[in-house]
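Within every chain, numbering begins at 1; the chains are lettered A, B, ... in the order of the sequence lines, protein sequences first and strands thereafter.
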Amino acid sequence: MTAMLEIVTFAVCAFIAIAGALGMTTTMSMFRSGIFLMASFIGVAGLFILLAADLIGILQIMMYIGGFLVMILFMVLVMHDPGGAMMAGMDMALIERWFSKGLVPRGHPHDGHMHGDHKEGHDSDNQENDAAEHASGGGHEGHSMPHGAHAAPDHPSMQHGDDTGHEGHAMHHGNGNHSSTEMGEMDMSMVTPVRPVAAWLAVAVGIVLVGMLLLRPAWRVVDALPDPDSARRIGQLLMEKYMVAFEGAGFLILIGIFGAVLLARPSTYPDDSSRSAKVAVDEKPEPIAHDGLPPLTRSERSDEHQARQQRPKEHCA
Amino acid sequence: MGVIVTGTAVLAALLAGAALTYGLERLFVQHGREPGPAHDVEFNRNLHIANSDRWLLPAGPVVAVAGVALAVVVVPFGPGLIGRDLGIGLFYVIVVIDFVVLGLALAGWGADTPDTVEACYRIIAQLVAYVVPLGLAYVGVIMMARSLSTISVVNAQSALWFVVLQPIGFVLYLVTGLMQSYRAPFLEPFAGSIGGGVLGVSGGWSALLWRVALSGVFFLVAAIGAVLYLGGPSGPVLPGWLWMLVKTYALMALMLGLGRCVRPLSTAQMLALSWKFLIPLGLVNVLLVGGLILLGIGP
């Protein structure tokens with residue numbers, strides 16, 4: 001009964017570890033990739049617990065849940081396509097398709113009425129839109145502006161707060177070639193030409209490791225049960241035998257924290273030249289004095305201002 | 001066979017505890033104040049969310065409930081009424097409750113609406129900030145009890161409760177416990193301004209599982225607090241399980257009442273409070289407890 005339970009537990013944990021690793025390398029969504037890697041390490045933690053090293057296993061779970069969630073947060077911050085919407089539309093191998101199930105690929109309209117009148121060049125628009133969405137996190141439900149408005153040169157998109165998507169539209173309308181170059185670049189960045197080599201390398205390393213396990217001359221069999229109170233043993237080892245290494249690692253982490261605090265500290269610019277560069281960037285552009293147009297009177301200016309204020313409300317309604 | 005009986009009993013304890021917790025929490029919800037995780041949810045119909053991730057969104061509540069149920073295993077509800085007395089019990093509780101955070105992050109990202117992704121970010125930002133001072137609040141008790149096992153901690157308090165010996169640790173536990181369960185001043189991930197966060201996109205069975213998980217987390221926080229600082233199920237005259245019940249819900253009422261006295265904090269304020277005040281306070285508490293042990297005070 002117990003042996004049976006052990007085998008089942010081992011099989012489940014090993015499956016989670018291997019499937020997690022496979023999913024991490026093949027899924028198209030970076031977020032899922034992080035979650036799969038976490039699952040893989042949690043499977044390994046289960047194997048540790050099965051080997052009566054419960055403290056190590058639980059420590060591993062703690063480190064990887066907290067650490068990986070924070071890592072995923074930073075990844076979402078800097079990645080172009082953390083949700084995998086862009087890559088899910090590509091040609092995928094069977095396993096990649098399986099691990100990417102349920103991702104909404106780029107190129108599908110989110111709402112029929114929203115993109116309905118805008119078929120040509122749809123792909124590139126949508127790419128820009130989705131990048132903006134995933135950076136700000138999610139579907140544009142409130143955004144129901146008709147697409148005709150994008151052709152207008154001074155439409156009040158800035159007041160919507162989501163100007164990235166509109167900039168994409170503007171770029172597309174301005175430059176017909178844009179979509180094809182953009183697609184080319186994205187394909188280049190997504191294709192990993194060395195991936196078959198990497199896969200074969202991984203298989204070869206796996207065979208070597210398993211072979212080393214199998215061909216090892218003799219496994220020493222010991223009757224003694226492992227210490228059930230492993231926490232006490234580990235604490236004593238850390239405080240006696242491995243104390244220097246333990247304190248050294250702690251010191252290293254402390255220095256790392258100091259460095260992070262130092263980097264995050266609000267600081268002044270080091271020298272005058274970079275400070276003046278900063279000031280130049282911040283300065284307002286000089287007004288165009290000689291454009292040949294009559295200057296706006298005060299009433300005209302306020303009319304235009306009011307019109308700008310009211311237009312977005314009409315569109316949103 | 002024993003495993004199945006234990007598992008059923010643990011699940012029953014979790015459900016009963018979560019139900020009582022929700023009842024108590026509704027008593028403290030005032031009109032015009034945000035209910036936080038006691039937010040109303042839609043039990044009667046399933047919500048369909050466009051663009052949601054079909055795998056991550058349903059995985060969230062399942063992972064969260066699994067984490068809470070695993071943590072209830074080591075809570076002693078009375079003499080002999082414990083799922084399993086693990087040698088690393090308290091550390092195990094801290095770690096396994098993290099699965100709730102993982103579940104909330106999965107569902108928040110998976111639902112793919114601006115509100116839930118915001119909730120996902122807030123939850124992950126709060127995770128590391130509360131775990132460190134929470135761990136320090138545990139450490140004082142563990143140093144005095146000389147064990148990570150919940151039963152040993154209860155036995156070590158047979159003469160004197162640790163709340164008397166470590167008042168700073170107790171206050172620290174109250175604050176970080178509220179952070180861990182996302183209750184009153186720290187309810188930013190479930191704030192009304194983002195539509196209740198993950199709860200806003202749950203419906204039907206997932207709403208039910210979220211209710212169990214979020215009430216269960218608070219129940220666990222109060223029960224572990226009772227074990228750590230109030231002597232757990234030990235007490236005169238009354239049976240052990242009744243003492244545990246009274247202590248758990250008295251502690252919960254204290255936490256809810258204190259939480260209502262304070263204006264809700266934003267995530268940034270909560271992080272500042274945690275990193276700049278609670279962590280140094282926890283380190284001071286560990287030093288003081290070490291001094292007490294050197295002086296020979298305590299069990």
field: CA sep, side-chain torsions, deciding dist, call: Val117(B), Val76(A), side chain to side chain contact (heavy atoms under 4.5 Å, CB included)
entry: CA-CA 11 Å; Val117(B) 177; Val76(A) 168; over 6 Å; no
Atom pairs and distances, donor-acceptor, side-chain atoms in residues 51-68 of chain A, under 3.5 Å, two or more places apart:
| from | atom 1 | to | atom 2 | distance (Å) |
| --- | --- | --- | --- | --- |
| Asp54(A) | OD1 | Ser230(A) | OG | 3.0 |
| Gln60(A) | NE2 | Phe41(A) | O | 3.3 |

- request: Work out which heavy atom in Arg146(B) is nearest to a heavy atom in Arg232(A); give both atom names and the distance.
  value: O-NH2, 3.6 Å
Can you measure from [atom1] ([X]) to [atom2] ([Y]) and round to the nearest 0.5 angstrom?
X: Leu73(A); Y: Ile123(B); atom1: CG; atom2: CD1; answer: 11.5 Å
X: Cys120(B); Y: Ile72(A); atom1: SG; atom2: CD1; answer: 8.5 Å
X: Leu69(A); Y: Trp109(B); atom1: CG; atom2: CH2; answer: 12.5 Å

field: Close side-chain approach of Phe31(A) and Leu106(B), heavy atoms under 4.5 Å
entry: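 Result yes, sub-4.5 Å side-chain heavy-atom pair found.
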- line: Cut-off 4.5 Å, heavy atoms of chain A, and the answer for Ile88(B) is side chain
